[in-house]
Amino acid sequence: MGENQLLVDTDVLIAYLNHRAYRSYLESAKYRVYYSAITKKELLAKRGLKTSERQAILALLKRFRLIRIDRRVTDEYSRLRIRYPSLAKGDALIGASALARKLPLLTQNLRHFRVIHGLVLLPIEVRRLRSQRPL
């Protein structure tokens with residue numbers, strides 16, 4: 001069976017941690033899952049994060065592969081910031097990580113990323129719950 005690769009956005013990991021959403025992607029052996037260094041920062045920098053929450057985040061991230069901010073990512077990031085100046089810096093880094101590694105992106109924030117030419121967005125399996133609180 002062939003392995004599919006994908007990059008997950010921060011919101012997908014939060015939805016998984018809170019509601020076990022996206023299990024078909026995150027718990028399946030058929031996917032090699034990557035996350036951006038900015039996603040790790042976003043997850044671990046939340047104010048008021050409990051020790052148990054931090055441990056759960058780190059345990060989850062150990063299952064996946066980190067994309068560091070290297071020259072390919074910074075080159076893509078610079079291109080995206082010039083072409084899409086209204087794109088948030090974090091979103092630009094995640095988009096740049098996906099483009100630099102030629103990975104499709106799994107995100108709930110389609111509105112944020114659909115403007116990026118050449119970025120492949122994966123269909124989402126669940127809609128964000130209105131009552132869902134981030135981590």
Side-chain angles (χ1 to χ4, degrees):
M1 178 182 303
E3 185 177 76
N4 298 304
Q5 299 182 86
L6 61 99
L7 178 71
V8 291
D9 191 8
T10 309
D11 63 336
V12 168
L13 294 177
I14 291 171
Y16 179 80
L17 288 164
N18 288 335
H19 305 287
R20 292 299 182 246
Y22 304 102
R23 290 189 324 217
S24 65
Y25 289 106
L26 302 178
E27 295 179 0
S28 173
K30 77 177 193 175
Y31 292 103
R32 179 176 286 177
V33 177
Y34 293 83
Y35 63 94
S36 172
I38 192 70
T39 291
K40 183 175 184 178
K41 186 275 280 178
E42 289 174 345
L43 290 171
L44 294 172
K46 183 181 182 296
R47 288 182 192 230
L49 196 64
K50 297 175 189 170
T51 301
S52 61
E53 292 171 325
R54 179 176 302 279
Q55 290 171 342
I57 290 166
L58 291 171
L60 178 64
L61 294 179
K62 278 185 179 181
R63 295 172 34 199
F64 308 129
R65 295 170 185 259
L66 171 67
I67 296 178
R68 298 186 189 283
I69 300 172
D70 61 12
R71 184 180 182 121
R72 289 185 296 172
V73 173
T74 57
D75 289 348
E76 281 293 338
Y77 174 79
S78 297
R79 187 181 66 76
L80 291 178
R81 293 292 293 153
I82 290 167
R83 187 163 184 189
Y84 310 103
S86 64
L87 188 63
K89 291 176 183 177
D91 291 342
L93 269 171
I94 290 168
S97 298
L99 290 170
R101 292 294 192 96
K102 297 178 178 30
L103 296 171
L105 177 64
L106 179 64
T107 183
Q108 294 181 124
N109 294 322
L110 299 176
R111 181 175 48 94
H112 296 182
F113 292 99
R114 78 172 114 222
V115 299
I116 300 175
H117 181 74
L119 181 62
V120 176
L121 299 173
L122 289 173
I124 57 175
E125 69 180 34
V126 295
R127 292 283 175 213
R128 185 178 187 106
L129 304 172
R130 293 237 185 259
S131 63
Q132 178 178 326
R133 285 185 20 237
L135 246 181

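Values reported hereafter were calculated over all heavy atoms of this structure, with side chains retained and with hydrogens, waters and symmetry mates removed. Starting from 1, each residue takes its place in the sequence as its number.
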Audit row: Leu44, Leu58, side-chain contact (heavy atoms from CB on, under 4.5 Å) steps and yes/no: CA-CA 9 Å; Leu44 294 172; Leu58 291 171; 3.8 Å; yes

Gap between atom CG of Leu105 and atom CD1 of Ile94 - 0.5 Å precision: 7.5 Å

Tyr16 backbone acceptor or donor facing Arg20 side chain under 3.5 Å: yes

Shortest non-hydrogen separation from Ile116 to Gly95 and the atoms involved: CD1-CA, 4.3 Å

Side chain Arg81, main chain Leu87, donor-acceptor under 3.5 Å: yes

Rounded distance (nearest 0.5 Å) linking atom CG of Leu60 with atom NZ of Lys40: 12.0 Å

For the student: nearest non-hydrogen atoms of Ser97 and Val73, plus distance: OG-CG1, 3.8 Å

Spatial distance of atom CZ (Phe64) from atom CG (Leu7) [nearest 0.5 Å]: 11.5 Å

Gap between atom OG1 of Thr107 and atom CG of Asp11 - 0.5 Å precision: 4.0 Å

Lys/Arg cation over aromatic Tyr25: Arg23, 6.0 Å, 45° cone: no

Spatial distance of atom OG1 (Thr39) from atom CD1 (Ile57) [nearest 0.5 Å]: 11.5 Å

Contact summary for Tyr31 and Ser24, nearest pair of heavy atoms: CE1-O, 3.4 Å

Stepwise side-chain contact (heavy atoms from CB on, under 4.5 Å) test for Leu61 and Leu66: CA-CA 8 Å; Leu61 294 179; Leu66 171 67; over 6 Å; no

Considering all heavy atoms, the nearest Leu99-Glu76 contact: CD1-OE1, 3.6 Å

Thr10 and Leu13, any side-chain heavy atoms less than 4.5 Å apart: no

Polar contact flag, side-chain donor to acceptor under 3.5 angstrom, Tyr35-Glu42: no

Side-chain heavy-atom pair His117, Arg83 within 4.5 angstrom cut-off: yes

Nearest non-hydrogen partners of Ala96 and Leu80, listed with the distance: N-CD1, 3.5 Å

Student check: side-chain heavy atoms of Leu121 and Arg114 closer than 4.5 Å: yes

Cluster overlap Val120 with Tyr22, hydrophobic side-chain contacts below 4.5 Å: no

Pairwise distance CG(Asp9) to OG(Ser36) - rounded to 0.5 angstrom: 9.0 Å

Candidate pair Arg101 and Gln5, rule side-chain contact (heavy atoms from CB on, under 4.5 Å), full reasoning: CA-CA 10 Å; Arg101 292 294 192 96; Gln5 299 182 86; over 6 Å; no

Heavy atoms of other groups near Arg71 CZ, more than 12 under 6.0 Å: no

Check: Leu26 main-chain N/O paired with Arg63 side-chain donor or acceptor under 3.5 Å: yes

